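The structure under discussion appears below in the form of structure tokens.
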Amino acid sequence: MSAPGSLLVRGATLLHLEPPGVERADLLVRGGRIVEISPHIGSMEDAPELDATGRWLMPGLVCGHTHLYSALSCGMPTLDQAPTDFADMLAKVWWRLDRAHDHESVSVSGLVGGLAALRAGVTTLVDHHASPSFIEGSLETLDESLEQVGVRRILCYEVTDRGGPEEALAGLRAHEALLAAPTERRAVLIGAHANFTLSDATLRRCGDLARDAGVGLHMHVAESADDARLTGEDPVARLDRLGALLPGSVLAHCVHLEPDALWRLYDAEAWVSHQPRSNMNNAVGHAPVELFEPETMLGTDGIGADLFAELQAGFFRGNEAQSGWGPGRWLSALTSGARFAGARLGVPLGRLEVGSAADFVVLDPQPGPPLTRVNLAAAFLFRLGAGAVRDVVVDGRIVLHDRQPVRIDASALDRQASTTAIRLWNRMS
Ligand SMILES: [Zn+2]
């Protein structure tokens, strides 16, 4: 009989990411934590075995900023006329999509986005959610879907004034139930859409709620040049003025910030999430990564959950812009999300060591030169990809086995997602 959260993983080559290292070992999990790592661990009756002989094993990745509400957007109706700029794109595309969401489409988006995360080796999602026609209960709905798939999550609702004061208040209230009941698999931040869609009063309320709850904010900051232009004030200075520049916050993008604003946000113990593919897709400009400090993590901004692809795009774009970040610095940005999420969830994430949470990913090896501490970062840039993800363990439970989800039926979800997506798109028009 197996004990809950117990698992014995055999024969893997462990890829330590922070700091880089390579080690051949067996790994024993009990109660959702790694309790032993050694060259050989004998079989135990109460611990099922996962054979990873000849395979690679890395800590689960953390996506520092995503939007699960866009999980059904691929192929949605396009506009007759392309958006003229970023603000036009938000109004004509993304704000039509989020308003079309209902209970069912939010639920299915969570399942689809959660499964995409597992298949990319992502074990924790930091989500920024909006569904203005279904606000109350939306976070609980996402939470249920992600629990069902087996992904850890840090949730929030994007509070904004773009739908009027009642929707702004409903957005604030949407956090309350989950805030009151934190678990090791789910935490909550206070969501705020973006500087230019929030009045002073609403942004101050977001900061007050977050401070009272002892959590940070999750907000788009200086994604495009509009963010400061439309308010006439530096976004970080504004957050500070309104009492909303809080430790443990995620400030997404930070493409258009002056060096002193970046210094100010890091000094306040807020984090930056960097989404190079989204920045390129929206043509908002190149983030000043050369000024980004270690409290910077990678996100996908809703372009799936593939952080390998995000890492690679960021590396190439950074090289093109002569950012000065080498492979090791990029690997550090990939793995720092675990430090952020672990502190919010109250579990040690991102390390393969005794006492750490048993969140890890078994990868099919990509044959090639010997993998070493020195070339590990290069392997993440030039050799590995999400296609290598084979098994995923979260909190000591196998949630993806031999590329298939364990807790949900992928074929049934595919049929459900097709129907739900078409209904969602119909509501958009
Ligand atoms: Zn975003």
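Just so you know, ligand 1 is whichever comes first in the structure, and atom 1 is the first atom listed for that ligand. What's counted below: heavy atoms across the whole structure, side chains too, no hydrogens, waters or symmetry copies. Since this is a predicted model, take the numbers as computed values, not measurements.
At a cut-off of 2.8 Å, His65 coordinates the Zn ion (ligand 1) through an N, O or S atom. Put simply, Asp301 gets within reach of the Zn ion (ligand 1), with an N, O or S atom under 2.8 Å from it.
A donor-acceptor pair shorter than 3.5 Å can be found between the side chains of Asp161 and Thr202.
Note on ring orientation: taking the six-membered ring where Trp is involved, the planes of His67 and His220 are tilted (angle from 30° to 60°).
Looking only at N/O/S atoms, His220 comes nearest to the Zn ion (ligand 1) through NE2. The nearest N/O/S atom of His67 to the Zn ion (ligand 1) is NE2.
Here the CG atom belonging to Asp306 is positioned 7.5 Å from the CD atom belonging to Gln312, to the nearest 0.5 angstrom. Here NE2 of His128 is found 8.5 Å from CE of Met219. Values are rounded to the nearest 0.5 Å.
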